[in-house]
Amino acid sequence: MDKFEVMVTRRLPAGGMELLGESCRPRLWDEDRPAPEEWMRKNAAGADGIVCLLSDRIDEAMMEAAGPGLKVISVMAAGYDGIDVEAATQRGVLVGNTPGVLSEATADLTWALILAVARRIVDGDRMMRAGTFTGWSPTLLVGADFAGRRLGIVGMGRIGREVARRGIGFGMEVVYHNRHRLAPEVEKSIPTHLVPLNELIASSDFIALHCPLNKESYHLLGANELASMKPTAYLINIARGPVVDEDALVAALRDRRIAGAALDVYEHEPNLTPGLAELDNVVLAPHLGSAAVATRHRMAQMTVENLLAGMRGGVPPWCVNPEAKQA
Ligand code: DGY
């Protein structure tokens, strides 16, 4: 039997390449940096499937370069904002992603970032390495309390709900904003309740962003929203960079209009918005949300399962546009 032709924009971990190699001929970008667009365009030509990362742009032109044989695009991520899903659907190309499996790891990292910025872990680490710690002091690197404070979650999908549960564990009150209200029994089980976005922004001590990036969420937090936050509040973005207007965030942090921020994603990822790196009230992580061993293994497997199902004429088990099958 002929093998499927597949463009793969990064080597998959956890035996993913071996699994793929059983029935596919991978055209692999085997460097640990993003595949150049030129390379992708060339290697997409005539492919049955594409395996890509969240940072790859798979737009209509790339699908056009692949040609009419392209059946499936499988992204190793929960977020699929790098793919023009509308164009894919119109062309009958299925898009698979890896939801659910990374919710706990991403929620854990959200909490790592909250704790790092609000309890000044990074400042403390720098101090220890510089040898400037001279002994316990009542005023040394004093950060925020959590118990009794309000955690506001924007985007209450699977990750948001896991972050909420952890917040309850820290003794916090948890409110959320979402396109749809959660089922009453889910709200009760956390517990949490829906509030309007402006109320969440103005009243929360910690704001954690977990919404997908789309037209509605682009710059959801801009200068006005940042100005309405409490001066003692912290912003955590582990969703997608462009959800926050980072120029406005740099200004708010520099002028101490908010207490701090922690970011795992960036508006111009992988580049930093000018001014961000100079600030001492922000913690910066290199998009580590799902970076835990078992999580990444499962993501790699799901990516291959989605790819194979789509190329064999089925619908990927985790598919964002099953309607493409009928297109
Ligand atoms: C995703 O899968 O969308 C996450 O951003 C990966 O960490």
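Atoms within a ligand are numbered from 1 in the order they appear, just like the ligands themselves.
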Could you please spell out the steps behind the side-chain hydrogen bond (donor to acceptor under 3.5 Å, both in side chains) verdict for S217 and N214? CA-CA 5 Å; S217 64; N214 50 39; 3.3 Å; yes

For a quick test of reading the model, state the closest non-hydrogen atom pair linking G46 to E5 and the distance between them. O-CB, 4.1 Å

Which atom pairs, nitrogen or oxygen on both sides, join ligand 1 and the protein at under 3.5 angstrom?
residue  : atom  : partner : partner atom : Å
ligand 1 : 2 (O) : A78     : N            : 2.7
ligand 1 : 3 (O) : A78     : N            : 3.4
ligand 1 : 3 (O) : G79     : N            : 2.8
ligand 1 : 3 (O) : R240    : NH2          : 2.7
ligand 1 : 5 (O) : R240    : NH1          : 2.8
ligand 1 : 5 (O) : H287    : NE2          : 2.8
ligand 1 : 7 (O) : S290    : N            : 3.3
ligand 1 : 7 (O) : S290    : OG           : 3.1

Could you identify which residues cluster with M128, counting Ile, Leu, Val, Met, Phe, Trp and Tyr as linked when any side-chain heavy atoms lie under 4.5 Å apart, either directly or through a chain of such contacts? M127, F133, L140, L141

Working to the nearest 0.5 Å, report the span between CZ of R256 and CG of L253. 8.0 Å

D205 and side-chain hydrogen bond (donor to acceptor under 3.5 Å, both in side chains): which partner among R149, K230, R150? K230

Do R161 and E104 sit within salt-bridge range, that is, some charged N less than 4.0 Å from a carboxylate O? no

